[in-house]
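Have a look at the structure below, then the notes.
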Amino acid sequence: MTTFELWPVSSSEDKQAIIRAVYRHVLGNPHVMESERLVTAESQFCDGSISVRDFVRAVGKSEFYRSRYFAKCAPYRFVELNFMHFLGRAPESQAEVSEHIRRCVEEGYDAEIDSYIDSDEYQATFGENLVPYYSASLTQVGQSQVSYNRIFAIDRGPAQVSSAVKSAQLVAQVAGGEKGNKVKRAATNLNSGTTKRFKIKTTAAKFDAPRRVSMNEYIVSADKMTPQIQRIHRTGAKIVSITEIV
């Protein structure tokens, strides 16, 4: 696997290769037309005004990324891809996924993107000048087989464009804490007419206290998940898990 890193002696050709590598990895192997390129951010990177990490942030907050992965994918899939595109790995637990879904709902899109790029994990793995890559696909000391398998469950290599898969790939594995999930074919679910449904389990809401209800469950379609999470948040309840109904 080739990695791309900016050095003080990097040439203009090297910088263009880095720009292409950021587009390819962060945007998930798309074809980027000239009109879709981030001309201002590219110029700032080339003249040294911003680092590779800042350029990654600009791509993550671009309309290109937002329209393909936030607007058109289910919230769970959006978070899966954020982990893959910005941290080079799959989510490891339901708590991680729920935390990011809540952040996106409560703090907004930009805060969700920043949370990956400003994390200690990003800094330790990629720093300021290394283009993110699929670090989980490499054998590393202390890495479990589950982490290795999961990255392939959500990414199928250069032949697949991330935006082609709208449905979540790791709902059952992450929510159920599966230890040995197998690598399997990604389910594209393109224009199939099938709407994914999810079960959201929460702690009791404030108004449930007199009825001694300890847990609540909601069944919601993927396209209604964000409004439902917002309503749950307003009641004061906390999300315990989100699982796909199959």
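Remember, predicted model here, so these are calculated numbers, not experimental data.
Leu38 approaches Ala58 most closely through the heavy-atom pair CD1-O, 3.6 Å. The minimum heavy-atom distance linking Ser51 with Asn129 is given by the pair CB-OD1, 3.8 Å. Taking each heavy atom of Leu27 and Tyr65 in turn, the nearest pair found is CD2-CD1, 3.9 Å. Residues Ala237 and Thr203 come closest through the heavy atom pair CB-O, 3.3 Å.
The side-chain heavy atoms of Ser10 and Glu5, taken from C-beta on, include no pair separated by under 4.5 Å. Counting only heavy atoms from C-beta outward, the side chains of Ser115 and Asn82 never approach each other to under 4.5 Å. A 4.5 Å side-chain heavy-atom check between Phe78 and Cys104 finds at least one atom pair inside the cut-off. Within the 4.5 Å cutoff, no side-chain heavy atoms of Val131 are placed close to those of Phe126. Inter-residue side-chain proximity for Leu87 and Thr125 is flagged as unmet; no heavy-atom pair is nearer than 4.5 Å. Tyr122 has its side chain within reach of Val56: a pair of non-hydrogen atoms, C-beta onward, lies under 4.5 Å apart.
Applying the side chain to side chain donor-acceptor pair (under 3.5 Å) criterion to Lys61, with sequence neighbours excluded, gives Asp114.
Atom CZ in Arg37 sits 6.5 Å away from atom CD1 in Ile19 (nearest 0.5 Å). Distance CE/Met215 to NZ/Lys201: 6.0 Å, rounded to 0.5 Å. One distance of note links CD1 of Ile117 with CG of Asp54; it measures 9.0 Å at 0.5 Å rounding. If you take CZ on Phe64 and CZ on Arg68, they are separated by 3.5 Å, rounding to the nearest 0.5 Å. We find the CD-CZ distance between Glu42 and Arg20 to be 10.0 Å, quoted to the nearest 0.5 Å. To the nearest 0.5 Å, the span separating CD1 on Ile113 from CG on Asp118 amounts to 11.0 Å.
With respect to the salt-bridge test (charged N to carboxylate O, under 4.0 angstrom), the residues Arg66 and Glu63 do not qualify. Here Arg102 does not pair with Glu99 in a salt bridge; the nearest charged N to carboxylate O distance is not below 4.0 Å.
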Exercise for the section: Evaluate the criterion side chain to side chain contact (heavy atoms under 4.5 Å, CB included) for residue pair Tyr134 and His25; output intermediate values, then yes/no. Expected result: CA-CA 9 Å; Tyr134 298 143; His25 178 81; 2.9 Å; yes

Practice task
Evaluate the criterion side chain to side chain contact (heavy atoms under 4.5 Å, CB included) for residue pair Val79 and Glu112; output intermediate values, then yes/no.
Solution key: CA-CA 9 Å; Val79 170; Glu112 163 65 2; 4.2 Å; yes

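Residue Asp120 qualifies as open at atom CG: its count of foreign heavy atoms under 6.0 Å is 12 or below.
When each of Phe4, Phe55, Phe45 is checked for a ring-ring contact (aromatic ring centres under 6.0 Å, His included) with Tyr23, only Phe55 meets the rule. Across Glu121, His85, His100, a single residue satisfies side chain to side chain donor-acceptor pair (under 3.5 Å) together with Tyr116, and that is His100.
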